[in-house]
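For reference, the structure is listed below as structure tokens.
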Amino acid sequence: MTHELKLLFNTLKNWQQLGKKAVFVSVVDLDGSSYRRPGVRMLIGEDGEYAGAVSGGCVESEIERQAQSVFRSNKPKIITYDGRYRIGCEGVIHVLIEPVELSDELLNAFNNQLESRKPFQMDSFFYSEVGEYDDVGSVLRINGADYPLNPNFKRNETAGQKCFSQTFEPLFQLFIFGAEHDAVQLSLAAKLLGWEVTVVASPEESKSCDYFPGAAALITPSFDDIDTSAIDEQTAVVLMTHSFNKDVQYLMALKDINPAYIGLLGSVNRRERVISMLLEQVPDLPLEFIEQINGPAGINIGAENAAEISISILAEILSVVRKQKPVALREKVGAIHE
């Protein structure tokens with residue numbers, strides 16, 4: 001969700017510089033089931049341009065139609081969309097449409113929070129009843145300060161409003177150790193998920209960051225100079241160097257961190273050999289660290305080439321981070337999003 005909000009804010013900043021008005025759209029409540037859960041958001045420009053989406057594409061045209069009154073009156077509104085009669089989603093979504101203008105103070109606080117890799121919150125105040133209201137809107141909450149998205153928003157604390165509160169975690173990161181062709185495919189696929197990708201290569205690597213279109217950075221530290229301070233609980237690590245010695249040396253550098261995921265490319269036998277070599281170098285290596293190493297990295301989808309292997313690896317990372325056991329949805333008991 002954080003990367004989606006970053007995209008919306010960056011887009012809105014550009015629109016504001018062009019003098020283009022916009023409304024901010026938030027799904028704030030749900031009765032039943034839908035394509036996306038509450039907390040998904042989008043922008044609609046006065047010229048009809050979209051940024052983001054709140055569904056697979058079936059709801060947006062109706063929201064754009066409803067947004068026209070907000071552009072005319074500058075007054076927020078609550079609408080509902082009943083997918084049971086239109087698209088078969090078996091649910092009713094409640095949508096807040098509000099005028100939006102991001103202040104410099106909000107953008108600075110937002111960007112600083114992303115840089116510091118700390119969570120923040122957004123509260124959206126709304127009513128269950130459809131209609132136009134002066135006192136509904138969204139507020140970004142960062143380090144005890146409130147930043148309304150609509151400068152005219154003032155909450156009515158005595159009106160019995162509902163509040164949809166959402167916590168945004170730091171942007172998810174992927175550190176890829178290795179600079180071969182399969183790292184290119186993995187970085188591209190991860191970028192599509194909105195992850196911040198860093199490729200770590202050995203000092204003798206001649207490639208530039210341009211070789212990895214999905215990566216934000218390419219770094220080439222020596223093994224003794226690897227800085228792991230940026231690797232936190234919102235970070236996945238994948239080792240794909242195609243070298244036993246490099247994998248071992250990178251794991252030695254990573255042994256004191258606790259990322260969300262560590263994956264090791266290669267077979268089960270290769271994993272056991274890497275761990276054996278690692279224990280020769282670090283005999284007192286904690287068992288918890290060894291158990292963190294997922295190898296072979298990925299889930300079994302019959303992947304053959306680098307692009308397919310990337311999907312397999314990313315699927316396993318998501319399943320680990322979200323504590324889900326991979327299973328065909330047709331075999332899942334209960335709602336999809338449960």
Side-chain angles (χ1 to χ4, degrees), residues 1 3-102 106 122-140 148-156 159 161-166 194 336-337:
M1 288 292 194
H3 72 279
E4 294 177 326
L5 188 64
K6 178 184 176 182
L7 173 63
L8 296 184
F9 281 7
N10 287 341
T11 300
L12 185 54
K13 179 182 177 181
N14 292 334
W15 288 1
Q16 289 180 180
Q17 291 173 345
L18 296 173
K20 183 164 74 173
K21 293 182 179 180
V23 294
F24 194 78
V25 179
S26 306
V27 176
V28 292
D29 204 0
L30 169 65
D31 300 321
S33 64
S34 69
Y35 186 85
R36 295 287 303 269
R37 291 186 286 182
V40 63
R41 306 171 196 271
M42 68 177 291
L43 289 174
I44 300 177
E46 60 184 340
D47 58 357
E49 184 178 358
Y50 296 176
V54 298
S55 76
C58 44
V59 180
E60 283 71 16
S61 60
E62 173 64 15
I63 294 176
E64 181 189 1
R65 187 183 71 83
Q66 294 276 359
Q68 299 312 304
S69 67
V70 180
F71 283 117
R72 291 191 298 267
S73 68
N74 206 41
K75 181 180 282 190
K77 70 189 297 187
I78 302 294
I79 70 168
T80 59
Y81 186 94
D82 192 338
R84 295 172 299 179
Y85 303 111
R86 305 186 189 186
I87 56 177
C89 277
E90 301 183 357
V92 179
I93 60 172
H94 298 250
V95 182
L96 166 63
I97 308 173
E98 59 185 310
V100 59
E101 183 179 342
L102 303 184
L106 184 153
M122 184 180 289
D123 289 344
S124 294
F125 299 94
F126 68 100
Y127 297 99
S128 296
E129 294 77 19
V130 170
E132 293 186 339
Y133 299 92
D134 291 316
D135 55 350
V136 296
S138 301
V139 177
L140 195 66
L149 273 60
N150 176 4
N152 297 322
F153 169 67
K154 291 184 180 179
R155 181 188 174 196
N156 185 347
Q161 289 177 323
K162 290 185 176 181
C163 176
F164 174 73
S165 185
Q166 183 176 17
I336 290 175
H337 293 302

### Query
Between P76 and N150, what is the shortest heavy-atom contact and its length?
CG-ND2, 4.1 Å
### Query
Given side chains that start at C-beta, do those of Q16 and K13 come closer than 4.5 Å, heavy atoms only?
no
### Task
List the steps and the verdict of side-chain contact (heavy atoms from CB on, under 4.5 Å) for L149 and L102.
CA-CA 6 Å; L149 273 60; L102 303 184; 4.2 Å; yes
### Task
Mind checking the CG-CD spacing from L106 to E101? Nearest 0.5 Å is all I need.
11.0 Å
#### Entry: Any side-chain heavy-atom pair of V23 and V100 under 4.5 Å
no
### Task
For V54 and Y81, run side-chain contact (heavy atoms from CB on, under 4.5 Å): C-alpha distance rounded to whole Å, both residues' side-chain angles, the deciding distance at 0.1 Å, then the answer.
CA-CA 11 Å; V54 298; Y81 186 94; over 6 Å; no
### Query
Can you find a heavy atom in the side chain of W15 that is under 4.5 Å from one in the side chain of E49?
yes
## Note on the structure
Closest heavy-atom pair, E132 versus S69, reported as atoms and distance to 0.1 Å, is OE2-OG, 3.8 Å
### Query
Parallel, tilted or perpendicular for F153 and F125, by the 30°/60° rule?
parallel
### Query
If you round to the nearest 0.5 Å, how far is CG of D123 from CZ of R155?
8.0 Å
### Query
Does the side chain of D135 come within less than 4.5 Å of Y127's, by heavy atoms?
yes
### Query
Residues two or more places apart in sequence or in another chain: which of them pass salt bridge (charged side-chain N to carboxylate O under 4.0 Å, His left out) with D134?
K75
### Query
When you look at L7 and H3, which way does the side-chain contact (heavy atoms from CB on, under 4.5 Å) test go after all the steps?
CA-CA 6 Å; L7 173 63; H3 72 279; over 6 Å; no
#### Entry: Side-chain touch L96/I78, heavy atoms, less than 4.5 angstrom
yes
#### Entry: For I44, the option from E64, E60, K21, Q66 that meets side chain to side chain contact (heavy atoms under 4.5 Å, CB included)
E64
## Note on the structure
CG of D47 to NZ of K20, rounded to nearest 0.5 Å, is 3.5 Å
### Query
Atom CG of L30 and atom CD1 of I93: how far apart are they, to the nearest 0.5 Å?
8.0 Å
### Task
Identify the heavy atoms of S128 and H94 that sit nearest to each other, and give their distance.
O-ND1, 3.8 Å
### Summary
OG of S26 to CD of Q166, rounded to nearest 0.5 Å, is 8.5 Å
#### Entry: R41 vs M122 side-chain heavy atoms within contact, under 4.5 Å
yes
### Message
Do V136 and E98 have side chains that approach each other closer than 4.5 Å (heavy atoms only, starting at C-beta)?
### Response
no
### Query
Taking atom CG of L8 and atom CE of M42, what is their separation to the nearest 0.5 Å?
8.5 Å
